[in-house]
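Report on the following structure.
Everything numeric here is computed off the predicted structure, so don't read it as measured data. Sequence positions, counted from 1, serve as the residue numbers for this chain.
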Amino acid sequence: FPLLLFAVGSAFQPLLYHTPRKTIVFRLPDNTYHLYRRQRLSSWKHIFAGSGRHLINESTISHNKKYLMETFGFTEEKLKQPNIRIKLTLEKGILKERVNWLKERLNLTDAQVHKLVMGNVSVLGLRMEENMEPKLDYLQQKLHLDGTSLRKIILSHPSILNKITQENTEIKLDWLQTRFEITDVAASKMIQLYPPILGYSIADNIEPKLEWLQRRLRLDDDVFHKMIQQKPHILAFSVVDNLEPTLHWLERRLDLDDAAVGKIIQRLPSILGLSVPGNLQPKLNWLQRRLDLEDDVLGKIIQRVPLILGLSVSDNLEPKLQWIQERLSLADEELSVFIQRMPTLFGCNVDTNLGPTLDFYIKALGGDEDEAARLVVQNPVLLGVSLERRLKPRLEEAMRARVVIDAGCLKRIGQYTEKRWQTSIAFQERQQSSQ
């Protein structure tokens, strides 16, 4: 290339358009185009000379620019990006044909096509019948996907179209089956949950990360395998930048050992994806202040209900605590004691669970809100009992047996095991029949 410039001087203007590898296009002042191909390190061969319409037609470039701008909202600045610039030299109509092919093959709406192209514009550079069609067919068949599932994968991870090949997909599926001792269907589900797995290196990424994490969390094979199968996105996290710092912080903040933190992660693996300074730390600090908890008590609560770490303070935790405090007329200290006794209430929904359950007790007690509140405060577990599966059916049984419905009866309804409850009902029925 330097020798070529020396020979022709400054009259040649190199273009930034896409050409085959090891080639370059020059435009002369007379608007003729010259194509050169590198033969050796410093030797170039003149391959083609001609007018713009024979090599790179400026009107074609303008046409493609207009199409991308009008169809997908590309800006002039975005069109200058190398991965987009190379699409501008395609013959007129090719881009539209490829877009229409994608719409038909994946049954996409205009909005979904827009999302796909904006997420991976390189897809427009692939030949549909020669490249995309066999790739999508193979992926759909091998992963046991219906049309909806295939579309979901491509839309959620557009870049996968550039990464997958039949060979690497086969290798990953076989490895996942062996590593986790699962069927090909189960391995396919893992990939459906987190398609980028197909682009990860087994030797350099997946395997060493899995070995480190299992050892760090002190989990046996069955538990660890199940966790990764359910949350394969854990493989996206860096050991150095994410996993180790997060685990170390949890151990120190909650005063827990490796095994205890391992059990927390096992129950809520998504914790590993949360930022310590931006999420976990302010959340735990808030909860500790709000309920005036000692460090060890806070640790015990999180061990019982790891879900707390995944909930929003403003959208969930604070509104829920405020509702409980107001409906049960609790002081701050009483609220803290109540939650410590039943922290699983954080996992209940106010509108569909807590509210209707408290209303059930109020109605059963003849509308006495104070008595219902006292009953629940003294027995927090009653607020977490299933309304449809336990409370309502047992209340009906109690009424048929002509049992007096008072706080004691409701306590038995909510807390007794099924065997003990049936024994109690049978006793009440015998008592009634003997009178």
Do the side chains of [X] and [Y] get close enough for a salt bridge, i.e. N-O under 4.0 angstrom?
X: E418; Y: R390; result: no
X: K103; Y: D110; result: yes
X: E251; Y: R216; result: yes
X: D359; Y: R327; result: yes

Measure the shortest side-chain to side-chain distance between [X] and [Y] over non-hydrogen atoms and say whether it is less than 4.5 angstrom.
X: N349; Y: K320; value: no
X: D295; Y: R253; value: yes
X: I264; Y: L256; value: yes
X: W212; Y: E244; value: yes
X: I339; Y: I324; value: yes
X: N353; Y: L383; value: no

Stepwise side-chain hydrogen bond (donor to acceptor under 3.5 Å, both in side chains) check, N205 with K209: CA-CA 6 Å; N205 187 322; K209 188 176 296 182; 3.3 Å; yes
Please report the interatomic distance NZ(K92) to CD1(I61), rounded to the nearest 0.5 Å.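 Rounded to the nearest 0.5 Å, the NZ-CD1 separation comes to 11.0 Å.
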Could you state the interatomic distance from CD (Q166) to CD1 (I171), rounded to the nearest 0.5 Å?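 Atom-to-atom, Q166:CD and I171:CD1 are 11.0 Å apart.
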Parallel, tilted or perpendicular, judged at 30° and 60°: which one describes the rings of F72 and Y67?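 Rings of F72 and Y67: perpendicular, over 60°.
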For H233 and Y194, take the angle between the two ring planes, folded into 0 to 90°, and tell me which bin it lands in: parallel under 30, tilted 30 to 60, perpendicular over 60.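 Rings of H233 and Y194: perpendicular, over 60°.
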Check against side-chain hydrogen bond (donor to acceptor under 3.5 Å, both in side chains), Q140 and D146: CA-CA 7 Å; Q140 189 166 9; D146 56 21; over 6 Å; no
Which is it for K283 and N279 under the side-chain hydrogen bond (donor to acceptor under 3.5 Å, both in side chains) test, yes or no, and what are the steps along the way? CA-CA 6 Å; K283 186 178 298 179; N279 189 308; 3.0 Å; yes
Answer yes or no on whether K78 is positioned over the face of F74, meaning its NZ or CZ is under 6.0 Å from the six-membered ring centre and within 45° of the axis.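 Yes, a cation-pi geometry holds between K78 and F74.
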